[in-house]
There are 2 protein chains.
Amino acid sequence: MTEVKLTARKEQALETRHRIFEAAVTLFDRQGYDSVTVDDICREVGMSKGAFYTHFKSKDQVLLEEFVKIDEHYTELLTEIEPLEQGVERLERFWVSSLEYIERMGVKVVKVVFHSEIGPSRKEPYISSRTRPVFRIVEGLIADGRGEYIRDDMSSAELADSVIACWRGLVYEWCLANGAFDLVARGRPIFALLKSGFQKA
Amino acid sequence: MTEVKLTARKEQALETRHRIFEAAVTLFDRQGYDSVTVDDICREVGMSKGAFYTHFKSKDQVLLEEFVKIDEHYTELLTEIEPLEQGVERLERFWVSSLEYIERMGVKVVKVVFHSEIGPSRKEPYISSRTRPVFRIVEGLIADGRGEYIRDDMSSAELADSVIACWRGLVYEWCLANGAFDLVARGRPIFALLKSGFQKA
DNA sequence: TCCTTTCACATACCAGAGTCGGTGACTAGA
DNA sequence: TCTAGTCACCGACTCTGGTATGTGAAAGGA
């Protein structure tokens with residue numbers, strides 16, 4: 001994929017970055033995100049704080065990196081779904097599958113991301129950046145499902161935004177509850193509501 | 001309401017607490033929450049940090065106090081709504097009115113609350129505490145609206161949870177966007193979806 | 001090969017939230 | 001009124017995320 005146009009130095013840097021990442025995630029996993037300090041991570045890797053901050057903008061950005069993979073998952077998921085069902089069933093499949101993915105990722109990671117995303121001094125928020133695939137994908141799934149079925153007093157974009165907002169509310173709730181309920185199960189009635197709401201009156 | 005069974009000392013304490021609160025809110029308003037330090041607040045009130053922390057658990061708890069008033073608003077709102085419309089219209093009224101209230105409160109406050117609520121070391125989350133009036137109220141509104149109208153494959157509690165989750169998703173989104181869109185307007189299509197979803201099939 | 005620029009990494013430091021062991025004025029019980 | 005205990009308030013301190021400034025080695029152009 002990426003070609004080997006790396007100088008020895010860049011390669012070394014990438015290696016370091018990866019070591020920091022691994023160490024951080026391991027420590028987070030063992031002791032919990034909050035009780036791991038950046039200094040802990042550096043000590044573990046045997047490197048200075050400066051090194052850490054040349055590779056990551058902040059402590060939470062490490063976990064954001066883990067979270068971001070969800071977008072790849074979405075894209076894969078789409079190619080998997082596309083040839084299969086029709087209309088709103090696709091969206092439902094997408095809904096469930098994304099929630100499963102979130103659940104697999106674990107509350108701790110998701111919580112940190114949702115927390116830092118809404119925090120102060122966030123120059124470029126990730127979750128809500130309109131360039132993310134999710135928006136296109138969900139809108140696409142809805143647009144495809146149009147025909148007789150879907151109500152025509154709302155645009156696909158509007159519907160997509162609504163669905164995504166509800167999805168996030170659900171996940172936010174799940175974080176507040178520290179993952180104490182089954183995300184997919186709790187998501188089912190919500191989607192059911194939205195789904196019926198999609199129909200023409 | 002509360003009786004005067006206060007010793008001089010307790011009264012003094014309450015007074016101090018109030019002074020801290022006022023000063024804090026004023027400063028937050030003037031300089032923005034993040035750039036106001038706890039020391040700033042203390043300096044303004046002419047008191048020590050220790051005083052601040054005997055009255056408030058943390059910096060954000062000051063704003064939580066402001067936010068909490070929403071529950072009183074909810075209760076008032078209910079008595080206002082109850083004699084009026086019927087069924088789902090009530091819920092819609094409640095939905096819109098609560099969003100208006102949030103909007104009036106301002107993003108800054110709401111953002112801090114939503115941020116700190118999902119943060120670490122939150123022993124007793126406020127927003128999602130099941131003892132809050134919202135849950136009872138929304139569930140009640142839904143239960144009242146039953147009859148021929150509302151679908152019977154979901155309990156009122158389940159429906160209420162779903163509505164509330166979506167509501168929070170919307171508000172969370174609004175915070176991410178730093179209040180850049182009209183909350184009520186954006187909430188309308190979401191409620192429309194939920195509303196249609198409420199109907200029997 | 002030399003010389004400039006870049007950049008991975010180091011170190012000392014800062015700011016700001018929250019803590020902790022006092023202290024003295026007030027309360028309450030006898 | 002005496003006394004024991006409480007608690008509002010103090011302020012120095014800690015802890016930690018993040019920054020500013022350096023430095024030496026690698027890159028790369030001539």
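Proteins come first, then strands; the chains are lettered A, B, ... in the order of their sequence lines, and each starts at number 1.
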Between atom [atom1] in [X] and atom [atom2] in [N], what is the gap in whole Å?
{"X": "B:E11", "N": "C:dC26", "atom1": "CD", "atom2": "P", "result": "14 Å"}
{"X": "A:H18", "N": "C:dA8", "atom1": "NE2", "atom2": "P", "result": "17 Å"}
{"X": "A:R17", "N": "C:dC9", "atom1": "CZ", "atom2": "C1'", "result": "15 Å"}
{"X": "A:I20", "N": "C:dA10", "atom1": "CD1", "atom2": "C1'", "result": "13 Å"}
{"X": "A:E15", "N": "C:dC9", "atom1": "CD", "atom2": "C1'", "result": "15 Å"}
{"X": "B:D34", "N": "D:dG17", "atom1": "CG", "atom2": "P", "result": "18 Å"}
{"X": "B:Y53", "N": "D:dC13", "atom1": "OH", "atom2": "C1'", "result": "14 Å"}
{"X": "B:D60", "N": "C:dG16", "atom1": "CG", "atom2": "P", "result": "16 Å"}

Among the nucleotides [options], which one has an atom lying closest to any side-chain atom of [X]?
{"X": "A:A8", "options": "D:dA8, D:dA27, C:dC7", "answer": "D:dA27"}
{"X": "A:V38", "options": "C:dG24, D:dG17, C:dA8", "answer": "D:dG17"}
{"X": "B:T16", "options": "D:dG17, D:dC9, C:dA17", "answer": "D:dC9"}
{"X": "A:S48", "options": "D:dG17, D:dC9, C:dA10", "answer": "C:dA10"}
{"X": "B:R9", "options": "D:dC9, D:dG24, C:dA25", "answer": "C:dA25"}
{"X": "B:M47", "options": "D:dA25, D:dC10, C:dC9", "answer": "D:dC10"}

Give me the ring orientation class for [X] and [Y]: parallel if the planes are under 30° apart, tilted from 30 to 60°, perpendicular past 60°.
{"X": "B:Y172", "Y": "A:Y172", "answer": "tilted"}
{"X": "A:F56", "Y": "A:F21", "answer": "parallel"}
{"X": "B:F191", "Y": "B:W95", "answer": "tilted"}

On DNA chain D, compare the nucleotides closest to A:G50 and A:K10; which residue's is nearer the 5' end?
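Looking at DNA chain D, the more 5' nearest nucleotide goes with A:G50.
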
Candidate pair A:S58 and A:D60, rule side-chain hydrogen bond (donor to acceptor under 3.5 Å, both in side chains), full reasoning
CA-CA 6 Å; A:S58 64; A:D60 21 74; 3.0 Å; yes

side-chain N/O [X] vs [N] OP1/OP2, d < 4.0 Å:
{"X": "B:Q12", "N": "C:dA25", "answer": "no"}
{"X": "A:T54", "N": "C:dC7", "answer": "no"}
{"X": "B:T37", "N": "C:dG16", "answer": "no"}

Quick check with a 6.0 Å cut-off and a 45 degree axis cone: is B:K59 positioned over the face of B:Y33's six-membered ring?
yes

Between A:S128 and A:R168, a side-chain donor and acceptor under 3.5 Å
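No - no donor-acceptor pair under 3.5 Å links their side chains.
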
Answer with yes or no whether B:K49 presents, from its side chain, a donor or acceptor under 3.5 Å of a partner atom in the base of C:dA17.
yes

Is there a donor N/O on one and an acceptor N/O on the other, under 3.5 Å, for the side chain of B:K59 and the base of C:dG18?
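Checked by distance alone, the answer is no.
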
Under 4.0 Å, heavy atoms only, any strand: does B:V45 hit a base, just the sugar-phosphate, or nothing?
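Result for B:V45 = nothing.
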
